[in-house]
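Okay, structure first, notes after.
For this chain, numbers begin at 1 and follow the sequence in order. Please read these numbers as outputs of a predicted model, since none were measured by experiment.
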Amino acid sequence: MVNLVAAQKPLLHGLMKMAGVQPYTVEIEPGTVMNFWVPCETLKKPKKGEKNIQELNKPTKPVVVLVHGFAAEGIVTWQFQIGALTKKYSVYVPDLLFFGGSSTDNADRSPAFQAQNLAKGLAKLGIYKCIAVGFSYGGMVAFKLAGLYPSLVESMVVSGSILAMTDSITDETVSRLGFSSSSELLLPNSVKGLKALLSVAVHKKLWFPDRLHKDYLEVMFTNRKERSELLDALVISNKDPIVPKFPQKIHLLWGEKDQIFNLELAHNMKEQLGENATFQGIKNAGHLVHLERPCVYNRYLKQFLASLHAEGSQK
């Protein structure tokens, strides 16, 4: 029987190419590769006799890097944002390690390791300055990226994420949502488990046939062992967290009904981040705010990006 989600992939890939991005694989180092969706205009045509594109042109517009969450790869997460941004921005959409064809033989599973490889991949694509937009797990990776490479990340937009998953936040979150662990919540292995994840991730309840849930599980929840290790590596002791002083402007763009990382956590984080942080809530939207209310999300995102451009032109 045909997997409906897998069958839709070529359609989504075609739509992404129409929106202005194409896949490009970067070898970070031997044993580690990352897939990126890069602006079509940066891809040089292969020379005569060459099968693959060897070099890329550098982007001519401000660079926006969209970093995905834990339950889907890059273009699935950001499918409604890419086309909205490509007219004014060079949009890059990485697949983090163990998502969407990206992999490593290194045993490190920390978000810092993800950030380091993302920075190396961007450098190989000729990107040395960008605005990072991170959702959920991708937000935690983006925070690491901004902390480790402040000259690379000029500013950030973060949705449904926090600086770090302390053991107390982890325990409180999974207990409040009725799960026994982060893996049970974020790595469902059954239709029932996926439905439970979706029920806490969205504000307005959605209905899909069980067949579609089953097909989604098969396609999107691969590399289960490695992803479980990624979740384990996220959690740090309450004694360890130190809030870094970010020089970048950080805009928190949040679904006001987010059940996973609620408004209280968002406002607490804003206070921790200090005067460089701003907050904007979106009504009637949960954790998956960019998918539930994409038009509103895109409008606010573009407003923030435009404000950065205006500030830059005044300097």
Side-chain angles (χ1 to χ4, degrees), residues 16 19-21 34 36-39 59 61-96 99-100 111 114-115 118-119 121-122 125 127-150 152-163 246 248-255 258 261 266 269-270 273 276-282 285 287-309 311-312:
M16 291 302 101
V21 295
M34 286 191 82
F36 285 80
W37 287 79
V38 304
K61 295 177 280 191
V63 173
V64 175
V65 178
L66 303 174
V67 192
H68 65 81
F70 206 81
E73 59 198 43
I75 58 168
V76 175
T77 299
W78 299 110
Q79 57 188 289
F80 297 128
Q81 282 67 54
I82 294 167
L85 295 174
T86 48
K87 184 177 180 181
K88 291 188 176 181
Y89 302 95
S90 293
V91 178
Y92 290 77
V93 188
D95 288 321
L96 296 173
F99 297 85
Q114 291 274 24
L118 178 52
L122 289 171
L125 295 171
I127 308 303
Y128 299 98
K129 283 192 179 300
C130 70
I131 301 151
V133 182
F135 163 68
S136 198
Y137 176 68
M140 297 178 212
V141 173
F143 274 126
K144 289 293 184 185
L145 188 71
L148 291 168
Y149 308 97
L152 168 63
V153 181
E154 294 182 291
S155 55
M156 293 175 63
V157 179
V158 175
S159 299
S161 187
I162 52 177
L163 286 160
F246 290 100
Q248 301 93 339
K249 286 204 163 194
I250 301 173
H251 190 52
L252 307 177
L253 188 51
W254 230 260
D258 193 326
F261 296 123
M269 182 168 65
K270 179 183 178 299
L273 291 170
N276 282 343
T278 51
F279 174 86
Q280 196 163 24
I282 296 178
H287 189 63
L288 295 172
V289 56
H290 56 293
L291 295 175
E292 280 193 276
R293 303 205 65 194
C295 294
V296 179
Y297 186 92
N298 293 350
R299 184 168 74 247
Y300 289 160
L301 175 59
K302 288 192 285 186
Q303 284 174 358
F304 177 73
L305 296 176
S307 73
L308 297 172
H309 181 70
E311 283 181 13

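Closest of all the heavy-atom pairs between A266 and L252 is O-CD1, 3.7 Å. The two residues L145 and A119 have their closest heavy-atom pair at CD1-CB, 3.8 Å. Nearest heavy atoms, L253 versus L301: CD2-N, 4.1 Å. Of all the heavy atoms in R293 and I282, the pair that sits closest is CD-CG2, 4.0 Å.
No donor-acceptor pair closer than 3.5 Å links the side chain of Q114 to the backbone N or O of L96. S159 contributes no side-chain N or O that, together with a main-chain N or O of F135, makes up a donor-acceptor pair within less than 3.5 Å.
Screening residues 65-80 for salt bridge (Lys or Arg N to Asp or Glu O under 4.0 Å), with sequence neighbours left out, gives K9-E73. Listed by first and then second residue, the salt bridge (Lys or Arg N to Asp or Glu O under 4.0 Å) pairs involving residues 132-150 amount to none (not counting sequence neighbours).
In this structure, the side chain to side chain donor-acceptor pair (under 3.5 Å) partners of Q280, at least two apart in sequence or on a different chain, are H251. Judged as a ring-ring contact (aromatic ring centres under 6.0 Å, His included), and not counting sequence neighbours, F80 has no contacts. F70 pairs by the ring-ring contact (aromatic ring centres under 6.0 Å, His included) definition with F99, Y137, not counting sequence neighbours. When the side chain to side chain donor-acceptor pair (under 3.5 Å) test is applied to N298, the partners found at least two apart in sequence or on another chain are Q81. Annotation: side chain to side chain donor-acceptor pair (under 3.5 Å) contacts of H287 (sequence neighbours excluded): S136, D258. Residues satisfying the side chain to side chain donor-acceptor pair (under 3.5 Å) test with H68, not counting sequence neighbours, are none. Residues that satisfy the side chain to side chain contact (heavy atoms under 4.5 Å, CB included) test with E154, not counting sequence neighbours, are K129. W254 meets the ring-ring contact (aromatic ring centres under 6.0 Å, His included) test with no other residue; sequence neighbours excluded. Taking L163 as the reference, F143, V243, F246, M269, Q272, L273 meet the side chain to side chain contact (heavy atoms under 4.5 Å, CB included) condition, with sequence neighbours excluded.
From L152, atom CG reaches atom CD of Q248 across 9.0 Å, with rounding to the nearest 0.5 Å. Atom-to-atom distance recorded for S155:OG and L305:CG is 7.0 Å, nearest 0.5 angstrom. We find the CD1-CZ distance between I131 and F304 to be 7.5 Å, quoted to the nearest 0.5 Å. Expressed to the nearest 0.5 Å, how far CE of M34 lies from CG of L125 amounts to 10.0 Å. Note that CG of N276 is 12.0 Å distant from CE of M156, once rounded to the nearest 0.5 Å.
Side-chain atoms of V64 and V133, non-hydrogen and from C-beta on, do get closer than 4.5 Å to each other. Proximity of I82 to W37: side-chain heavy atoms (C-beta onward) are nowhere separated by under 4.5 Å.
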Under 3.5 Å, sequence neighbours excluded: what are the donor-acceptor pairs made by side chains of residues 86-95?
unit_1 : atom_1 : unit_2 : atom_2 : d
T86    : OG1    : A19    : O      : 2.8
D95    : OD1    : G74    : N      : 2.8
D95    : OD2    : N35    : ND2    : 2.8

Y297 and L291: CA distance, side-chain angles, deciding distance, side-chain contact (heavy atoms from CB on, under 4.5 Å) verdict: CA-CA 9 Å; Y297 186 92; L291 295 175; over 6 Å; no
